[in-house]
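Because only heavy atoms are used, hydrogens play no part in the values below, and waters and symmetry mates are left out as well, while side chains stay in. Predicted model only: the values in this text are computed from it and were never measured.
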Protein chains: 4
Amino acid sequence: MLETETTTRRERRIAARKAQLLDAAAQVFSHKGYEKATTKEIAELADVSEGTLFNYFATKRELLIGVAKAYADEVAADIESVQGETFEDMLAQLAANRFRRGRERRLFMLFLYESRLNADVHQYYVEEALHRIIDVLEQRLTALIDAGVMRPVDPALTARMMSATTMGFAALFELGVSMGTTSPETLGAAVTDIHLNGLRNQNGANQDV
Amino acid sequence: MLETETTTRRERRIAARKAQLLDAAAQVFSHKGYEKATTKEIAELADVSEGTLFNYFATKRELLIGVAKAYADEVAADIESVQGETFEDMLAQLAANRFRRGRERRLFMLFLYESRLNADVHQYYVEEALHRIIDVLEQRLTALIDAGVMRPVDPALTARMMSATTMGFAALFELGVSMGTTSPETLGAAVTDIHLNGLRNQNGANQDV
Amino acid sequence: MLETETTTRRERRIAARKAQLLDAAAQVFSHKGYEKATTKEIAELADVSEGTLFNYFATKRELLIGVAKAYADEVAADIESVQGETFEDMLAQLAANRFRRGRERRLFMLFLYESRLNADVHQYYVEEALHRIIDVLEQRLTALIDAGVMRPVDPALTARMMSATTMGFAALFELGVSMGTTSPETLGAAVTDIHLNGLRNQNGANQDV
Amino acid sequence: MLETETTTRRERRIAARKAQLLDAAAQVFSHKGYEKATTKEIAELADVSEGTLFNYFATKRELLIGVAKAYADEVAADIESVQGETFEDMLAQLAANRFRRGRERRLFMLFLYESRLNADVHQYYVEEALHRIIDVLEQRLTALIDAGVMRPVDPALTARMMSATTMGFAALFELGVSMGTTSPETLGAAVTDIHLNGLRNQNGANQDV
DNA sequence: AATGAATGAGACTTCATTCAT
DNA sequence: TATGAATGAAGTCTCATTCAT
């Protein structure tokens with residue numbers, strides 16, 4: 001029906017505007033930090049007036065929450081798409097999508113910081129993104145342990161450890177800590193190697209480190 | 001001599017004031033973030049007037065730099081004190097001192113964020129604190145690899161991985177991600193176990209994960 | 001077209017606001033001096049909020065520069081309009097427009113002082129206002145000397161002397177130094193008389209003073 | 001008596017301190033302007049603590065008044081010393097002492113500005129310095145007119161005109177308006193020449209300018 | 001629905017003045 | 001008497017938010 005179509009078209013336009021504003025907000029927030037970012041700059045980057053921005057998002061904070069929500073949605077979609085992969089590929093894919101691009105790393109740094117200061121951001125980033133990733137890792141680990149492929153370690157803790165390592169690397173990268181000439185692939189492989197096989201020299205097993 | 005004593009007393013008083021202000025600043029910055037923290041609140045917490053604060057630190061930013069510098073000094077002292085320990089104990093000690101107490105974890109989150117936005121903070125946190133820790137780990141790893149105790153992995157990368165894991169755990173903790181009932185000690189032991197021995201079940205070695 | 005009209009109307013409104021603020025600023029600056037003037041008082045006199053003031057002038061200093069620029073524009077227009085007058089009339093007109101009204105005298109005192117402390121004010125007041133007046137006087141004097149109407153004095157120096165005298169009178173007036181019952185016209189005539197004919201009694205020429 | 005001597009010595013010490021502070025204040029005030037000058041900087045330049053400064057002058061404004069008073073005293077002494085000179089020499093001497101040195105010109109600019117804003121400064125600068133100079137010029141002019149050496153111009157107005165010209169030149173100088181290669185002496189001679197003999201070419205007298 | 005000028009609360013910072021030592 | 005740390009009032013400027021057009 002015409003009415004429905006009109007409404008739909010409007011809704012599409014509204015959604016597009018919101019997305020455009022969220023994009024600009026994500027960019028400015030992740031570069032300058034939430035507090036230093038100004039609604040003026042976000043509006044300019046989105047090529048709308050400041051008044052228009054506030055027609056779509058009632059407060060600056062709602063913009064941040066919107067960015068967090070969009071991020072959580074991306075993560076959810078990503079998790080869906082890796083369900084069929086091997087554990088190693090899944091791990092690589094999740095990490096890559098989260099941290100390979102600068103934009104994602106910067107958003108990660110942003111949420112890492114803002115989650116502590118805002119309950120809504122925490123809700124979207126920690127509960128709906130981070131926890132989902134951890135949960136899917138934990139399930140896979142449990143299965144691998146049950147199958148006898150992995151040692152009977154605590155799967156919850158191990159999933160968190162894997163996330164922690166990846167997050168830590170992203171942070172180090174973002175802080176400008178050099179990784180030598182190592183490519184992301186080599187780095188991923190090396191980390192996986194250590195996680196799977198350990199550091200200990202098996203020829204000289206049980207030596208005290 | 002009297003002159004010396006007087007000077008010393010004054011210098012002591014000034015140093016004490018500075019420390020008192022840095023303490024207050026560390027507290028407020030780490031709870032609210034640099035931008036949301038106000039000099040008013042810091043001054044109140046330090047129990048001095050706002051004017052007095054600016055007698056000791058010319059700008060709010062200098063206060064942040066002061067906090068970062070104090071942190072770097074603590075880390076340097078800490079590194080000195082762990083030189084005699086075994087690798088495992090050293091690792092545990094460095095991690096614990098950096099992340100066991102909430103105060104330290106919050107400062108870590110603060111610097112993690114602000115290092116990207118301020119060159120001085122980067123200087124103190126990344127170069128004078130983080131890099132020192134990584135370097136000392138790298139040296140130890142190199143020695144252990146040379147001694148044949150560990151496999152010939154890349155020591156630079158492995159040192160970064162260990163730091164990354166610890167940092168990631170601190171972040172997860174700070175984000176309120178539950179670690180189950182695991183105590184810090186158990187957690188440390190489990191992580192060390194995986195790092196040393198790997199996840200792979202040796203009985204079924206070379207199975208695809 | 002509507003677009004053009006709308007733009008023009010907005011631009012007119014903005015120009016009007018700026019003028020209104022510059023007017024208020026000129027008034028407050030010239031009465032209290034730049035440093036003692038507050039943006040609060042200027043905004044109140046212009047009947048806008050302090051925030052609005054800063055939408056039009058980024059800093060208090062820019063407001064001062066704006067006032068100086070407006071003054072220089074007035075002088076430039078004034079110089080255009082006196083090109084056709086006789087030397088005497090031109091002199092009287094330039095002096096009158098600069099110093100007859102209290103507002104102009106106070107602005108003169110303001111720029112006299114602030115030109116030394118601010119390069120932009122110097123640019124507008126000294127270079128674009130004062131120098132123009134001196135130059136036009138100098139040109140006229142040169143012509144009159146060439147025509148044999150005036151003695152072959154140094155025209156550059158004489159132009160400066162005439163300006164100096166006028167400026168000095170304005171200052172004396174502003175300092176409240178009484179000129180007796182002398183009207184501005186009488187004063188102007190007397191000064192011109194002395195400048196043209198000198199003080200020396202020609203009947204007793206060459207007497208030592 | 002010992003008592004008297006002690007008192008006298010203290011008074012001398014106090015007077016010396018005051019002079020030292022006034023000197024520093026004159027320097028800072030005349031360079032930065034009264035408002036931009038800080039008591040801290042004045043104290044440092046006088047090589048005493050800020051607290052000590054306030055032991056000798058209750059407020060910053062009293063310092064300014066003190067500087068003005070000292071200036072008026074200098075002028076008074078100067079006037080005494082030129083009583084025996086010829087009119088021309090007297091004129092030259094008074095002008096030179098007031099404006100030849102940068103320090104004096106800057107103080108002149110300071111008082112010119114601050115006299116309008118502070119009654120005490122006005123009292124000392126305008127009434128006790130400027131007026132005295134004008135008065136002595138006026139008396140001399142009256143005598144010269146009575147003696148028939150000068151034309152019967154209004155002596156009050158003429159004295160003000162001479163002061164105005166000198167003040168105006170000082171201001172021009174301070175504003176950086178170039179006087180060509182003219183030395184102060186040449187300039188003084190040229191001005192005196194015009195004042196005495198006028199600009200008009202006597203060969204072509206009564207021509208319209 | 002879009003605009004952007006207006007607002008005003010609140011931030012950082014300065015500095016004359018006070019006062020305990 | 002000299003000191004300089006402490007004070008707090010007041011100033012400039014920023015920016016999220018509102019609102020008339």
Whether B/Lys32 side chain and B/Thr38 backbone form a donor-acceptor pair below 3.5 Å = no
Nucleotide forming a Watson-Crick or wobble pair with E/dT13, both distances under 3.5 Å | F/dA10
When you check the phosphate oxygens OP1 and OP2 of E/dA1, does a side-chain N or O of A/Tyr56 lie under 4.0 Å from one of them?
-> no
Using atom NZ of D/Lys18 as one end and atom P of F/dT1 as the other, report the distance to the nearest whole Å.
-> 13 Å
Using whole Å, report how far CD of B/Glu62 lies from P of E/dC12.
-> 15 Å
Quick one: are the ring centres of D/Tyr71 and D/Tyr124 less than 6.0 Å apart?
-> no
Applying the 3.5 Å cut-off to both distances, the Watson-Crick or G-U partner of E/dT21 turns out to be F/dA2
In B/S/- notation (B base, S sugar-phosphate only, - none; protein heavy atoms under 4.0 Å), nucleotides 16-21 of chain F written 5' to 3' is SBB---
note: B/Leu53, atom CG; E/dC15, atom P; distance rounded to Å ~ 17 Å
Re E/dA1: Watson-Crick or G-U wobble partner, both distances kept under 3.5 Å, found to be none
Are any side-chain N or O atoms of A/Lys36 and backbone N or O atoms of B/Glu35, one a donor and one an acceptor, separated by less than 3.5 Å?
-> no
Gap between atoms CD1 and P, on D/Ile42 and E/dC15 respectively (whole Å) | 12 Å
Rounded to whole Å, CD of B/Glu41 lies from P of E/dG10 at a distance of 14 Å
Whole angstrom value for the distance that separates C1' of F/dA5 from CG of B/Leu21 | 12 Å
Quick one: is A/Thr52 getting a side-chain N or O under 4.0 Å of the E/dT3 phosphate, OP1 or OP2?
-> yes
Atom CG of A/Asp47 and atom C1' of E/dG4 are separated, to the nearest Å, by 14 Å
Chi angles and distances behind the side chain to side chain contact (heavy atoms under 4.5 Å, CB included) call for A/Val48, A/Arg17 = CA-CA 9 Å; A/Val48 298; A/Arg17 249 313 135 81; 3.9 Å; yes
Output the distance between atom CZ (A/Arg106) and atom CG (A/Leu110), rounded to the nearest 0.5 Å.
-> 11.0 Å
Check every strand shown and say whether D/Phe57 touches a base, only sugar-phosphate, or nothing at a heavy-atom separation below 4.0 Å.
-> nothing
Cation-pi geometry met for B/Lys18 and B/Phe57 (6.0 Å, 45°) = yes
From B/Tyr34, B/Phe108, B/Tyr113, B/Phe111, residue fulfilling ring-ring contact (aromatic ring centres under 6.0 Å, His included) relative to A/Tyr113 | B/Tyr113
Would you mind telling me which of E/dA5, E/dT3, E/dT7 lies closest to the side-chain atoms of A/Val48?
-> E/dT3
